[in-house]
Amino acid sequence: MTDVFAPARLGPVELRNRIIKAATFEGATPDALVTDRLIEFHRRPARGGVGMTTVAYCAVSPEGRTDRHQIWMREEALPGLRRLTDAVHAEGAAVSAQIGHAGPVANAASNRLPALAPGRFPNPLGMRMTRAATVDDLARIVRAHASAARFAVEAGFDAVEIHFGHNYLVSSFLSPRLNRRRDSYGGSLANRARLALEVARAVRDEVGSRIAVTAKLNMDDGVPGGFWLDESVQVARWLEADGTVDALELTAGSSLLNPMYLFTGDAPVREFAAAFPQPVRAGIRAVGGAFLKSYPFQEAYLLDRARQFRAAVELPLILLGGITRLETMERAMAEGFQFVAMARALLREPDLPLRLRAGARSLCVHCNRCMPTIYRGTRCVLT
């Protein structure tokens, strides 16, 4: 049996074990630049034993942020990012930068820039209409991904994770529900996947073998008419054939239309409402239950879907989704998954990998009350 705590290769990088801290928006960059709080956010799980921690979310352009407080990859951000990567490396862990473009998940009002999407439709996050991305916009965004990856190399990151999930821009193009275009980026799956493949190729061509390249790919959107498993498996095959990524991290859900489909467990409607001023607070309390749906939690809840990818591709796969027990990690390894990713459990116990190795159990109760804290600094509210 593969040892979860044995060193493992991810492309050109060797990780000290097979546990990755998944990207969790930290809410720690009020000026869109690295802060001491952000560095400590990632230093803690690095000290606590993860093989690699993932910085989220590093937008490739200003309008690609979910709001104006997020980092976007540029020269001004490099000194802080270098401090962050140095701090993580000093703890013995690797560090990845999640890069991407939020597309229709961007808050246009906060960014003061249009939210780009495959087409024009209402964006509830910014209470404005999205703007249909032109072919020139898409070419610029592909180049911006390459530029962001280059900045990641310069900042000392060991890997980049390209965001192809949650109905962010690339994911929205993959979705037949959101992408009704009639040009070369719409219609057939090959056309809807064009942007994903172009972005992955641009990033790989930019970084070569200097750092690892992974992609966070939606297996399904969790909404009627959205991207679904059969199409996602084919996109995974195309990415593998192109040789542009070293691993896929498999995810699900739509930040735009059904966010709880990714998280499962309790839906913290009241806590989300409390994070906003009136009258938004009252609105969330009134209709939030329709948007934040409850799904029963079970450990490794994405495993059944991920098995279909394991059967279809040889690419290394990163299993995500409520993984908190060593036995579950060992089962994932036994089924051919090369890595596991954790998020919420590490908010409560950044040293959970070391504790698991010593025989302890996770204290995370999957209440999801950490989710609304992203607006003032992501944390577990029970500690």
Side-chain angles (χ1 to χ4, degrees), residues 13 15-16 19-62 64-100 102 107 110-111 147-161 163 211 271 274-275 341-355 363-364 369-383:
V13 179
L15 307 186
R16 65 184 175 189
I19 302 173
I20 295 172
K21 190 214 167 293
T24 313
F25 182 57
E26 305 92 349
T29 55
D31 299 315
L33 294 168
V34 171
T35 61
D36 290 343
R37 183 173 185 172
L38 181 68
I39 292 172
E40 187 60 23
F41 187 97
H42 288 281
R43 191 201 305 268
R44 288 195 297 267
R47 186 185 302 131
V50 298
M52 183 168 73
T53 184
T54 310
V55 178
Y57 160 77
C58 302
V60 301
S61 61
R65 298 173 287 177
T66 61
D67 70 59
R68 69 179 180 276
H69 303 296
Q70 289 179 327
I71 292 174
W72 61 282
M73 298 296 269
R74 63 204 192 280
E75 290 283 353
E76 187 183 3
L78 283 179
L81 291 170
R82 290 191 188 105
R83 286 201 301 124
L84 190 158
T85 58
D86 286 346
V88 171
H89 290 151
E91 301 292 348
V95 56
S96 176
Q98 184 189 68
I99 62 173
N107 185 328
S110 175
N111 288 336
S147 177
R150 184 180 69 254
F151 283 131
V153 173
E154 293 176 10
F157 283 93
D158 304 284
V160 290
E161 175 188 279
H163 202 326
I211 62 174
E271 289 82 359
M342 308 173 72
R344 287 166 290 178
L346 289 171
L347 294 179
R348 180 152 193 182
E349 298 173 280
D351 62 345
L352 184 56
L354 294 178
R355 288 170 46 76
L363 297 177
C364 182
R369 288 162 61 192
C370 55
M371 292 171 60
T373 69
I374 63 173
Y375 302 105
R376 293 182 176 88
T378 304
R379 68 193 186 281
C380 175
V381 302
L382 302 181
T383 56

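Predicted, not measured: the structure shown is a model, and the values here were computed from it. We number each residue from 1, following the sequence as shown.
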Nearest 0.5 Å, what's the [atom1]-[atom2] distance between [X] and [Y]?
X	Y	atom1	atom2	result
H163	C58	NE2	SG	11.5 Å
T24	M371	OG1	CE	11.0 Å
R369	L382	CZ	CG	5.5 Å
T383	L363	OG1	CG	10.5 Å
R44	E91	CZ	CD	11.5 Å

| field | By salt bridge (Lys or Arg N to Asp or Glu O under 4.0 Å) - contacts of R83 (at least two apart) | value |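 Scan of R83 (salt bridge (Lys or Arg N to Asp or Glu O under 4.0 Å), adjacent residues dropped) gives D36.
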| query | Taking only residues two or more places apart in sequence, or in another chain, which ones meet R16 in a salt bridge (Lys or Arg N to Asp or Glu O under 4.0 Å)? | reply |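 Once residues adjacent in sequence are excluded, R16 has no partner under the salt bridge (Lys or Arg N to Asp or Glu O under 4.0 Å) criterion.
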Side-chain ([X]) to main-chain ([Y]) donor-acceptor, under 3.5 angstrom:
X	Y	result
T53	A46	no
R68	N107	no
S96	A94	no
T378	F25	yes
R65	A59	no

Identify the heavy atoms of [X] and [Y] that sit nearest to each other, and give their distance.
X	Y	value
P30	T35	CD-CG2, 3.9 Å
N111	D67	OD1-C, 3.0 Å
I211	V153	CD1-CG2, 3.7 Å
A345	C364	CA-CB, 3.9 Å
A23	Q98	CB-NE2, 3.3 Å
V34	L38	CG2-CD2, 4.0 Å

Side-chain touch [X]/[Y], heavy atoms, less than 4.5 angstrom:
X	Y	answer
E154	L81	no
L346	P353	yes
I99	F151	no
R74	L33	yes
F41	L347	yes

| Residues which pass side-chain contact (heavy atoms from CB on, under 4.5 Å) with T66, listed by chain and number, not counting sequence neighbours |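 Partners of T66 by the side-chain contact (heavy atoms from CB on, under 4.5 Å) criterion, ordered by chain and then number, come out as Q70, A102, V105, Y168.
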| message | I'd like to know if E40 and R37 make a salt bridge, using a cut-off of under 4.0 Å between side-chain N and carboxylate O. | response |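 R37 and E40: not salt-bridged.
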| query | Yes or no on side-chain contact (heavy atoms from CB on, under 4.5 Å) for M342 and V50, after CA distance, side-chain angles and deciding distance? | reply | CA-CA 9 Å; M342 308 173 72; V50 298; over 6 Å; no
